[in-house]
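In what follows, a single structure is set out as structure tokens and then discussed.
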Amino acid sequence: MTTTLTLHTTPFNDQKPGTSGLRKRVPVFQQANYLENFVQAIFDSIQAPAGATLVLGGDGRFYNLEAIQIILKMAAANGYARVLTGQGGILSTPAASCLIRKYATFGGIILSASHNPGGPEGDFGIKYNTANGGPAPEKITEAIFELSKKISHYRIIEASDVALDTIGEYTIGKMHVSVIDPVADYAELMESLFDFAAIRGLLAGGFNIKFDAMHAVNGPYAREIFINRLGAPVASLMNCVPLPDFGNGHPDPNLTYAHELVEILYGENAPDFGAASDGDGDRNMILGRHFFVTPSDSLAILTANAKLVPGYRAGLKGVARSMPTSAAADRVAKELGIPCYETPTGWKFFGNLMDADKVTLCGEESFGTGSSHIREKDGLWAVLFWLNIVAARAQSVETITREHWAHFGRNVYSRHDYEAIPTEVANGVMTHLKDSFASLPGQKLGSYTVERCDDFSYTDPVDGSISTGQGIRILFTDGSRIVFRLSGTGTEGATLRIYLEAYDPDINNHHLDAQVALSELIQIAGQLSELVTRTTRVQPSVIT
Ligand code: G1P
Ligand code: ZN
């Protein structure tokens, strides 16, 4: 016997989704009705038709299983006909996007706080993806927020928990729950895009790889793809068992947080190739032996070499990058004669361009790269793309990158993050910068001259929607830039991101460390923002 309950609740006023869904600390989500309110607000705003199917899964972080059981019972009470979920409640974000598209569901709910730490005191998150497999656009997330502010009831079925550990078909009330293998459909999609035979040959020929899943969701995906399908030795994997607290780590694949992998790739007898992905499997970091590929360069290099990959051999419609991402991809697009779009930060802006068939590849400086095969960024996809290129060119990661710079010039790039700054201090920095807009153009700062500055705004070329306040840009006459932006995903105070980019066509400088090559711009950024005086910070928290 199951009973549908309509329970009384009162609103929380902080359920505004950020760059990628609602993210809060686990204890916030554990408050009575907190998750329920937000889920009901999603269901009320999306108004699924009768008979709708939903994809549901998460990155395995603490509270994932409890949340899935609650959402299943709420979906049943709200009239869904079927929910597809991964065994153990596991679905990487790209795999969820793949399932939504493949089975044409009415979107999906993804439980993740991406690269943020997990565990009982860590972060949790929830977001709704629409039927195209991508994060809901702002007009939907705003509607969800509005409803969350006036919610008075939610619906839930009283039923026992679903045995998520066992693949099979279950029912809750009248709703079917299919617990499926979280990896199979995704692995099949990867095999359809890349030359697995060539990659298998590369690996069999002694090319050593090391993949670090950072104790997060991609462990089982990496095992199936690299070991079972591509024949890599088991020693190629590290940290591939997903843990609710990510082994107490920070599952963000960059030089700071993936240092275990970085030390191996920069050590003696280093493997030829290293890669890592984040909590929910959508980010990637690519390393060669003693070599790091900046994500902005990675997007440009994938674009330039796409013809070597079966899934992209027919050509690219266009490429898109987020505004703070370097303009390296723009140079490739120009040579290929394809359009290049500059969007605000966050993956949701790429979705419209892909749905309208305007772009095939896209990426962000924040270790996110992807293509129109799904509507999320995709960590393992990027790793496979690189391996496919390496196999086809029979060159090292470093040689491929240096040849790219020699041909297109190098967009030297770095991002400096200042985390957990008091919100009013961070806002003060941004206001101060905006106040200096009028006086900056034409000013000479060291060897750079300011051409113009603005607060980036974007008009979506597909639906005409306008997004303002997307980051302050100081553009210099030689194409170099400094961008200041406040993070939309942090959960503590504010995070100020400073993005630095200098274009250098001279091959004689291409050996320089990015921090050295950018030192003058770093100094200028500090002066313009009155950084030390205002924040008392003398060093960034993270440099990528
Ligand atoms: C960060 C990244 C952004 C990415 C987002 C979700 O957002 O900068 O590129 O899309 O995480 O992974 P931010 O904290 O800067 O708002
Ligand atoms: Zn992520």
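One-based numbering along the sequence shown. Every number for a ligand or one of its atoms is a count from 1 in the order of the listing.
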Problem - 2.8 Å shell around the Zn ion (ligand 2), exclusive bound, protein N/O/S atoms - result: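 For the Zn ion (ligand 2), protein nitrogen, oxygen or sulfur atoms under 2.8 Å: 4.
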Problem - All side-chain hydrogen bond (donor to acceptor under 3.5 Å, both in side chains) counterparts of Thr544, not counting sequence neighbours - result: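 None.
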Problem - Donor-acceptor contact present, side-chain Gln30 to main-chain Val28, <3.5 Å - result: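 No, because the side chain of Gln30 does not come within donor-acceptor range (under 3.5 Å) of the backbone of Val28.
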Handout entry: Sidechain-backbone polar pair: Arg410 side chain, Ala502 backbone, donor-acceptor under 3.5 Å
Key =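 No, because the side chain of Arg410 does not come within donor-acceptor range (under 3.5 Å) of the backbone of Ala502.
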Practice task
For a side chain to side chain contact (heavy atoms under 4.5 Å, CB included) with Glu501, tell me which candidate from Thr325, Asn411, Val412, Leu475 qualifies.
Solution key: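 Result: among Thr325, Asn411, Val412, Leu475, Asn411 is the only option passing the side chain to side chain contact (heavy atoms under 4.5 Å, CB included) with Glu501.
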Practice task
Any chance you could lay out the side-chain hydrogen bond (donor to acceptor under 3.5 Å, both in side chains) test for Asp278 and Ser114, step after step, and finish with the verdict?
Solution key: CA-CA 7 Å; Asp278 72 330; Ser114 189; 2.9 Å; yes
Practice task
Could you check Trp405 against Asp297 for side-chain contact (heavy atoms from CB on, under 4.5 Å), going step by step and ending with a plain yes or no?
Solution key: CA-CA 9 Å; Trp405 290 342; Asp297 279 341; 3.0 Å; yes
Handout entry: Note, Ile301 side chain near Phe408 side chain (heavy atom, < 4.5 Å)
Key =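 No, every pair of side-chain atoms sits at 4.5 Å or beyond.
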Exercise for the section: Please test Asp330 against Arg321 for salt bridge (charged side-chain N to carboxylate O under 4.0 Å, His left out), starting from the C-alpha separation and ending with a verdict. Expected result: CA-CA 9 Å; Asp330 305 38; Arg321 63 164 175 87; 2.6 Å; yes
Problem - Residues that Glu530 engages under salt bridge (Lys or Arg N to Asp or Glu O under 4.0 Å), provided they are two or more places apart - result: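 Here the qualifying residues are Arg534.
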May I have a table of the N/O to N/O pairs between ligand 1 and the protein that fall below 3.5 Å, each row giving the two atom names and the distance to 0.1 Å?
from, atom 1, to, atom 2, distance (Å)
ligand 1, 9 (O), Glu364, OE1, 3.1
ligand 1, 9 (O), Glu364, OE2, 2.8
ligand 1, 9 (O), Ser366, OG, 2.6
ligand 1, 10 (O), Glu364, OE1, 2.6
ligand 1, 10 (O), Glu364, OE2, 3.4
ligand 1, 11 (O), Arg283, NH2, 3.0
ligand 1, 12 (O), Arg283, NH2, 3.2
ligand 1, 12 (O), Lys377, NZ, 3.0
ligand 1, 14 (O), Ser487, OG, 2.6
ligand 1, 14 (O), Thr489, N, 3.4
ligand 1, 14 (O), Thr489, OG1, 2.4
ligand 1, 14 (O), Arg497, NH2, 2.6
ligand 1, 15 (O), Arg485, NH1, 2.7
ligand 1, 15 (O), Arg485, NH2, 3.4
ligand 1, 15 (O), Arg497, NE, 2.7
ligand 1, 15 (O), Arg497, NH2, 3.3
ligand 1, 16 (O), Thr19, OG1, 2.8
ligand 1, 16 (O), Arg485, NH2, 2.8
ligand 1, 16 (O), Gly488, N, 2.6

